[in-house]
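Here the structure comes first, spelled out in structure tokens, and everything after it is commentary.
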Amino acid sequence: MPELPEVETTRRSLVPVLEGATINSAEVGRTRMLRRQPRPADFADRMRDRRVESLGRRGKFLLGHMEGDLTMVLHLGMSGRMQIQALGAERPAHTNVVLATDDAEVWMIDPRTFGFVVCLTPDEWDGSPFAALGPDALDALPRSPQLGAAITKRKSPLKSLLLDQHLIAGLGNIYADEVLHRARLHPLRLGASLDAEEVKRLRASIKPVLEAGLRHGGTTLDDLAYLLPDGRAGEYTQRLRAYGRTGQPCRTCGTPIERIVVTQRSTHFCPTCQPAD
DNA sequence: CCTCCATCCTGTGGGC
DNA sequence: TGCCCACAGGATGGAG
């Protein structure tokens with residue numbers, strides 16, 4: 001659900017509440033949410049009475065830069081969303097993490113618990129998978145030659161490559177399909193098969209798609225699992241060109257959008273605009 | 001190192 | 001109406 005535009009929208013809404021604030025308490029209702037914390041009990045202890053210096057993001061990971069060189073890493077997984085609430089407000093089911101400041105509570109609501117939260121020392125960070133994340137798709141997108149070098153040595157389908165957070169961080173299943181549609185590249189094309197012009201087209205499609213998603217508050221699908229922290233639904237949903245539009249006419253050429261499965265993920269494309277070869 | 005695959009969960013919607 | 005199954009925005013670790 002939450003991909004880069006949704007996570008960035010979430011980050012922006014949390015900044016006024018968290019940046020500069022001190023965490024008075026950090027409650028974790030489901031210990032599973034702490035499975036990436038080397039010693040789960042450390043989380044609440046490290047967060048308590050510590051100031052949040054800034055709230056950043058890399059790909060789909062929210063990064064709280066905490067006083068004392070600690071880093072809070074928060075990932076929303078498939079079904080996570082954040083809410084800002086008054087102190088003491090009644091918590092709905094699946095409110096798995098609550099950070100309390102002097103002025104407000106920040107809730108992480110995550111029914112499927114694929115999300116997680118940790119607070120790491122610099123050494124723990126260095127040894128963690130988070131340190132190996134690729135460059136952010138919006139803020140640090142590699143130039144075309146570098147991106148091309150990374151892509152053309154891979155034999156995987158483009159769809160899988162765009163979802164590989166080590167290559168570029170931030171795209172998920174929805175926006176990967178949107179990027180490929182905009183780039184007019186078939187999702188099953190292998191990375192190694194791209195020529196320089198196609199790499200350029202692919203690269204040039206990434207930021208416009210993410211920025212459009214961001215501009216419209218992200219994507220909320222039918223089940224409303226994703227909502228902005230203020231409770232609004234994302235409005236990019238109506239603008240999707242490929243994802244979830246199986247059988248509906250391509251907005252460019254009218255051909256019905258097709259759905260296939262690529263490495264276990266549903267994948268949508270226009271067979272005319274995105275030819276297989 | 002790369003690629004594929006199962007797995008972790010709960011909720012929802014469709015088909016019968 | 002109720003039941004069961006398929007499916008869902010993601011990341012990871014192990015096998016080959």
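In the text below, chain A, chain B and the rest are named by the order of the sequence lines, each starting its count at 1.
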### Query
Can you check whether A/Arg112 has a side-chain N or O nearer than 4.0 Å to OP1 or OP2 of B/dT7?
no
### Query
Does A/Arg58 make a cation-pi contact with A/Phe61, if we ask for NZ or CZ under 6.0 Å from the ring centre and within 45° of the axis?
no
### Task
Measure from CD1 on A/Ile168 to P on C/dA11 and round the result to the nearest Å.
14 Å
#### Entry: Candidates C/dA8, B/dC9, C/dA11 - which lies nearest the side chain of A/Gln165
C/dA11
### Query
Is there a donor-acceptor contact under 3.5 Å from the side chain of A/Glu178 to the main chain of A/Leu240?
no
#### Entry: DNA chain B: 5'-proximal contact among A/Lys155 and A/Ala93 (nearest heavy atom)
A/Lys155
### Query
Quick one: which of B/dT10, C/dA8, C/dG10 gets closest to the side chain of A/Arg259?
C/dA8
### Phosphate OP1/OP2 of B/dC4: any A/Thr263 side-chain N/O under 4.0 Å
no
### Task
Would you confirm whether A/Asn96, through its side chain, and A/Asp110, through its main-chain N or O, come within 3.5 Å as a donor-acceptor pair?
yes
### Task
Output the single nucleotide from B/dT10, C/dG10, C/dT12 whose closest atom is nearest the side chain of A/Lys60.
C/dG10
### Task
Establish, yes or no, whether a centroid distance under 6.0 Å links the rings of A/Tyr243 and A/Tyr236.
no
### Summary
To the nearest angstrom, the CZ-C1' distance between A/Phe116 and B/dC9 comes to 15 Å
### Query
Looking for any heavy atom pair under 4.0 Å, which part of the strands does A/Arg32 touch: base, sugar-phosphate only, or nothing?
sugar-phosphate
### Query
Phosphate oxygens OP1/OP2 of C/dA8: is one of them under 4.0 Å from a side-chain N or O of A/Ser266?
yes
### Task
Give a yes/no on whether any side-chain N or O of A/Arg154 is located under 4.0 angstrom from OP1 or OP2 of B/dC2.
no
### Query
Are any of A/His166's side-chain N or O atoms less than 4.0 Å away from OP1 or OP2 of C/dA11?
no
#### Entry: Any A/His75 side-chain nitrogen or oxygen under 4.0 Å from OP1 or OP2 of C/dG10
no
### Task
Using whole Å, report how far CD1 of A/Ile151 lies from P of B/dC2.
14 Å
### Task
Check whether the aromatic ring of A/Phe114 stacks on the base of B/dC9, taking stacking as ring centres less than 5.5 Å apart and planes within 30° of each other.
no
### Message
Let's test this: given Watson-Crick or G-U wobble pairing with both distances under 3.5 Å, identify the partner of C/dG10.
### Response
B/dC8
#### Entry: Whole angstrom value for the distance that separates C1' of C/dA11 from CZ of A/Phe130
10 Å
### Summary
Atom CE of A/Met78 and atom C1' of C/dA6 are separated, to the nearest Å, by 13 Å
### Query
Is there a side-chain polar atom (N or O) of A/Gln264 under 4.0 Å from OP1 or OP2 of B/dA6?
yes
### Query
In whole angstrom, what separates A/Tyr175's OH from C/dG10's P?
11 Å
### Query
Atom CZ of A/Arg265 to atom P of B/dC4: distance rounded to whole Å?
15 Å
### Per A/Pro111 side chain, nearest of listed nucleotides C/dA11, C/dG10, B/dT10
B/dT10
### Query
Can you tell me how far P of B/dT10 sits from CG of A/Asn96, to the nearest Å?
10 Å
#### Entry: A/Gln274 to A/His186 - nearest heavy-atom pair and separation
O-CD2, 3.2 Å
### Donor-acceptor contact present, side-chain A/Arg11 to main-chain A/Arg57, <3.5 Å
no
